[in-house]
Amino acid sequence: MTYLIAYFWLPILLSALIGFATGAWIWRRPPQAASADALVYPAAGEPVAQQPEPEPEPQRQPEPELVTEPGPTVDTAAIAEPETAPEPEADTEVAATPSPFLDAPDGEPDTLTLIKGVGPKLSDMLHDIGVYHFTQIAGWNDAQIAEVDSRLGSFKGRIMRDRWVDQARLLADRNVAVFEREFGKMNGPL
């Protein structure tokens, strides 16, 4: 007997697995019914109760018509039309967000590659669009982030994912200890 089990262990194992899978499929739980009433089965000989029909929605009553009585006649030509206030022009009242770009760096540009996630290629791309300083990046709002992000091409999404604004705030404040604790060792001297 041991010889047969040792020789035919794989077919026995496969047969057992197929048997368990078939049993689980046959004896599985029935799917849940939509309502509890659907699972109640009448006993043999009992009359079958009919499901109550849903009540129809109440019909809306038509609104009564307004009846106006004839009154004194008014000379409509004598009535002046009310003056309307002039509509403000949309261009004058729209508060535009300041541009996150500079035409040229204010003094010596910062080493943007110190920001984690900014390599030499991305640093050159930022310089090309007018981003030179940590203070620029540290002051970006959501609209400015979206504007810069739209110009980054294949690097889109890096600003938020790598938390550039948080990194730039720490680098602009020259807070190396907190920067290294939160973002890891710096890539060079500040």
Side-chain angles (χ1 to χ4, degrees), residues 1-65 94-95 97 100 112-126 128-129 131 134 136-173 175-188:
M1 180 79 165
T2 310
Y3 170 76
L4 289 175
I5 293 173
Y7 190 72
F8 293 109
W9 69 271
L10 185 60
I12 293 171
L13 179 66
L14 290 175
S15 298
L17 289 175
I18 291 172
F20 286 127
T22 304
W25 179 68
I26 291 173
W27 297 103
R28 73 178 187 272
R29 297 175 77 186
Q32 296 295 328
S35 68
D37 296 337
L39 294 178
V40 177
Y41 298 103
E46 271 187 40
V48 178
Q50 295 289 339
Q51 291 283 341
E53 292 184 23
E55 295 181 20
E57 292 185 25
Q59 294 180 351
R60 290 181 51 178
Q61 297 293 329
E63 294 183 18
E65 294 182 23
V94 174
T97 58
L112 297 180
T113 56
L114 293 177
I115 297 175
K116 301 289 182 172
V118 177
K121 183 176 180 181
L122 191 51
S123 177
D124 291 341
M125 186 181 291
L126 288 170
D128 289 343
I129 63 175
V131 179
F134 297 134
Q136 278 180 275
I137 299 171
W140 285 347
N141 59 28
D142 291 337
Q144 292 170 328
I145 289 172
E147 184 177 350
V148 174
D149 202 34
S150 68
R151 296 184 184 202
L152 293 182
S154 64
F155 296 107
K156 189 173 185 172
R158 298 290 292 268
I159 298 172
M160 297 302 289
R161 185 174 58 241
D162 294 334
R163 296 176 44 203
W164 287 6
V165 175
D166 297 333
Q167 291 185 56
R169 283 185 187 134
L170 294 172
L171 292 171
D173 293 339
N175 199 341
V176 176
V178 175
F179 180 87
E180 288 185 339
R181 184 173 9 145
E182 191 161 338
F183 298 104
K185 188 146 177 72
M186 287 183 49
N187 298 336

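Numbering starts at 1 and runs along the sequence shown.
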Student: Output side-chain donor-acceptor pairs under 3.5 Å for residues 9-19, partner residues at least two apart or in another chain, one line each.
Tutor:
| from | atom 1 | to | atom 2 | distance (Å) |
| --- | --- | --- | --- | --- |
| S15 | OG | P11 | O | 2.8 |

Student: Restricting to pairs with a member in residues 177-186, which pass salt bridge (charged side-chain N to carboxylate O under 4.0 Å, His left out), not counting sequence neighbours?
Tutor: R163-E182
Student: What are the two closest heavy atoms between G157 and D149, and how far apart are they?
Tutor: N-OD1, 2.7 Å
Student: Return yes when atom CG of D128 has more than 12 non-hydrogen atoms of other residues, nucleotides or ligands closer than 6.0 Å, and no otherwise.
Tutor: yes
Student: For the atom pair CZ (R151) and CD1 (I129), what is the distance rounded to the nearest 0.5 Å?
Tutor: 6.5 Å
Student: Nearest 0.5 Å, what's the CG-CG distance between L170 and L114?
Tutor: 12.5 Å
Student: Applying side chain to side chain contact (heavy atoms under 4.5 Å, CB included), name anything that partners A146, two or more places apart in sequence or on another chain.
Tutor: none
Student: Salt-bridge test for D124 and K121: reply yes if a basic N is under 4.0 Å from a carboxylate O, no otherwise.
Tutor: no
Student: How about M186 and L171: do any of their side-chain heavy atoms sit closer than 4.5 Å?
Tutor: yes
Student: Can you pull the side chain to side chain donor-acceptor pair (under 3.5 Å) pairs that have at least one residue in residues 152-162, sequence neighbours excluded?
Tutor: R158-D162
Student: Within the structure provided, determine whether L152 and I159 are in side-chain contact (heavy-atom separation under 4.5 Å).
Tutor: yes
Student: What are the two closest non-hydrogen atoms of S123 and T113, and how far apart are they?
Tutor: CB-CG2, 3.9 Å
Student: Tell me, do V131 and W140 make a side-chain contact under 4.5 Å, heavy atoms counted?
Tutor: yes
Student: Say you draw a straight line from CG of L112 to CD of Q136; how long is it, rounded to the nearest 0.5 Å?
Tutor: 8.5 Å
Student: Once side chain to side chain donor-acceptor pair (under 3.5 Å) is applied, do any residues pair with D173, and if so which ones, sequence neighbours excluded?
Tutor: none
Student: Excluding sequence neighbours, so at least two apart, what forms side chain to side chain contact (heavy atoms under 4.5 Å, CB included) with K116?
Tutor: Q167, F179, F183, N187
Student: Please report the closest heavy-atom contact between A168 and A138, naming both atoms and the distance.
Tutor: CB-N, 3.7 Å
Student: Assess the residue pair W164 and L126 against the criterion (side-chain contact (heavy atoms from CB on, under 4.5 Å)); give the C-alpha distance rounded to whole Å, side-chain angles, the decisive distance to 0.1 Å, and a yes or no.
Tutor: CA-CA 12 Å; W164 287 6; L126 288 170; 4.0 Å; yes
